[in-house]
Chemist: 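The structure's right below; bear with me while I get my questions together.
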Amino acid sequence: MTNKQTLNRRQFIKRSAATGALAAAPGLYAPFVHAQAEPLKIGSWGGFFEEVLADKLYPEFTAATGIEVQSIGTPNGDAQVVQLAQAIRAGNVPLDVSALIPIPMVRATNAGIIEELDMSRIPNAKYLPDVQGISKRSDGNPNGVAWFFYFNILVTLQEDFPETPTSWTELWNPANAGLAGVMAQPEISNIIDITAATYFGGSDILQTKEGVLEVLAKVAELKDTVALWYRDEAQFQNGLETGELPIGIYYNDVATVAQAEGIEIDRIFPKEGAVKNPAYWGISKGTALRDQAHEFLNYTLDPSVQALLARNLGGGPVVPKDTTDLTDEEWDQVSTSKDTIAPAYHLYTDWGDWTATEFSRAIS
């Protein structure tokens, strides 16, 4: 996930936050109050995410449990893992809990800096889905729980697409030559996963490099329709606003913001599935606050807290809709009941350099 911290987004979230209050009873977690000399240090991606969590989530958690929290902004991606690993190996645990998206979570796990979880201390994990709900080590033991989902979807300008598309195949439509925008990094756009789901029946073909090359040959056809392989969301948003890029891949939450700001686009969860990625909480190896960290993970999976996060972060809840008080309209803004695409993360971890090289060759 890239940093989604534009002024427009922040203004929209502040407006939305006014409508969302935490529904959990203040004393719900009172029996588990802990005394502690140090605050629980929680790391989340600096900027928008940290601001919302520090303002909306952590104070309520402290009020409910008595556990003080210190909010710490972190980078995202490899830098996040490298910094945490260096500190832990030097005998310092700078964070007790970290927010990690899947690829950094895999790398942190491989580096041995994430604790195995005691799931008996996280009873709210019962709400998590079987797929993508829990991060596991190579031995199958759990070391992370998802706390929100984010989606890559198809967006189109209504003026250019009065009949809303329903399929990812629209990205390959020759009628859209030179009109599309797609993220340049395959691990962020998940265009390889999208292509496999759309034209090859799913991710099975991505289990071999020969299969990946076959998929990349189809990805290469996008050279005719993609006008911009973008790294900065603002580039694509500008293309939408000017009408130069009336179709492309975008984050659902950012697209919702764009709609609220008056850009007349359709947010489309294609019939082949939108791409669904989890954000995980992981507990740092060697933390002295292991009990408090588990309690925090459990707290964030409470359905009322999930509703709070949906309303303020714009991410999709990891709990079933009927356990929350989200309205149908609120749910449809942040999530979907349709089939979704789970990325083949080994492409970007185990085969990362190879995938990057072959993807670059395909679109050059």
Chemist: Under 3.5 Å, is there a donor-acceptor pair between the side chain of S203 and the main chain of L206?
Modeler: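 Side chain of S203 to backbone of L206, a donor-acceptor pair under 3.5 Å: no, none is there.
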Chemist: Any sub-3.5 Å donor-acceptor pair from E330's side-chain atoms to T327's backbone N or O?
Modeler: yes
Chemist: For the rings on W281 and F296, is their centre-to-centre separation under 6.0 Å?
Modeler: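 Yes: the rings meet the under 6.0 Å criterion.
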Chemist: So, do D193 and Y345 sit near enough that their side-chain heavy atoms are less than 4.5 Å apart?
Modeler: no
Chemist: With distance as the sole test, does T109 use its side chain to make a donor-acceptor pair with the main-chain N or O of R137 at under 3.5 Å?
Modeler: no
Chemist: Is the backbone N or O of S360 less than 3.5 Å from a side-chain atom of S364, with the two atoms forming a donor-acceptor pair by type?
Modeler: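 Answer holds: yes.
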Chemist: Determine whether W351 and V212 make a side-chain contact, defined as any pair of heavy atoms from C-beta on separated by less than 4.5 Å.
Modeler: yes
Chemist: Taking the basic N atoms (NZ, or NE/NH1/NH2) and the acidic carboxylate oxygens, is any pair closer than 4.0 Å for D325 and R311?
Modeler: yes
Chemist: Indicate yes or no: at least one non-hydrogen side-chain atom of L347 is less than 4.5 angstrom from one of E187.
Modeler: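 No - every pair of side-chain heavy atoms lies 4.5 Å or more apart.
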Chemist: Counting only heavy atoms not in K223, do more than 12 fall under 6.0 Å of its NZ?
Modeler: yes
Chemist: So, E170 versus N176: side-chain donor-acceptor pair below 3.5 Å or not?
Modeler: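 Note: E170 and N176 side chains meet the donor-acceptor criterion.
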Chemist: Tell me whether K338 contacts the main-chain N or O of G273 through its side chain, where contact means a donor paired with an acceptor under 3.5 Å.
Modeler: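 Looks like no, no N/O pair under 3.5 Å.
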Chemist: Using only heavy-atom distances, determine whether the side chains of D266 and Q158 contain a donor-acceptor pair under 3.5 Å.
Modeler: yes
Chemist: Identify whether the distance between the nearest side-chain nitrogen and carboxylate oxygen of R121 and E295 falls below 4.0 Å.
Modeler: no
Chemist: Ring-plane angle category for W172 and Y199, please: parallel below 30°, perpendicular beyond 60°, tilted otherwise.
Modeler: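 Correct class here is perpendicular.
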Chemist: Looking only at the side chains, is there a donor atom on one of T256 and Q333 sitting less than 3.5 Å from an acceptor on the other?
Modeler: no
Chemist: Apply the side chain to side chain contact (heavy atoms under 4.5 Å, CB included) test between T195 and each candidate in I192, T198, I191; give the one that qualifies.
Modeler: I191
Chemist: Taking side chain as C-beta onward, heavy atoms only, is T324 less than 4.5 Å from S304?
Modeler: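 No, every pair of side-chain atoms sits at 4.5 Å or beyond.
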Chemist: Is the number of heavy atoms from other residues, nucleotides or ligands under 6.0 Å of K136 NZ greater than 12?
Modeler: no
Chemist: Using side-chain heavy atoms (C-beta onward) and a distance below 4.5 Å, is L171 in contact with V226?
Modeler: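 L171 does not reach V226 side chain to side chain.
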Chemist: Any side-chain to backbone donor/acceptor pair from Q306 onto K321? Under 3.5 Å, distance only.
Modeler: no
Chemist: Any link between V254 and I153 through a network of hydrophobic side chains (Ile, Leu, Val, Met, Phe, Trp, Tyr) touching at under 4.5 Å?
Modeler: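 V254 and I153: one cluster.
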Chemist: Is the number of heavy atoms from other residues, nucleotides or ligands under 6.0 Å of D339 CG greater than 12?
Modeler: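 Atom CG in D339 is not crowded, with 12 or fewer foreign heavy atoms closer than 6.0 Å.
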Chemist: Does the ring centre of F236 sit less than 6.0 Å away from the ring centre of Y251?
Modeler: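 No, the ring of Y251 stays outside the 6.0 Å limit from the ring of F236, centre to centre.
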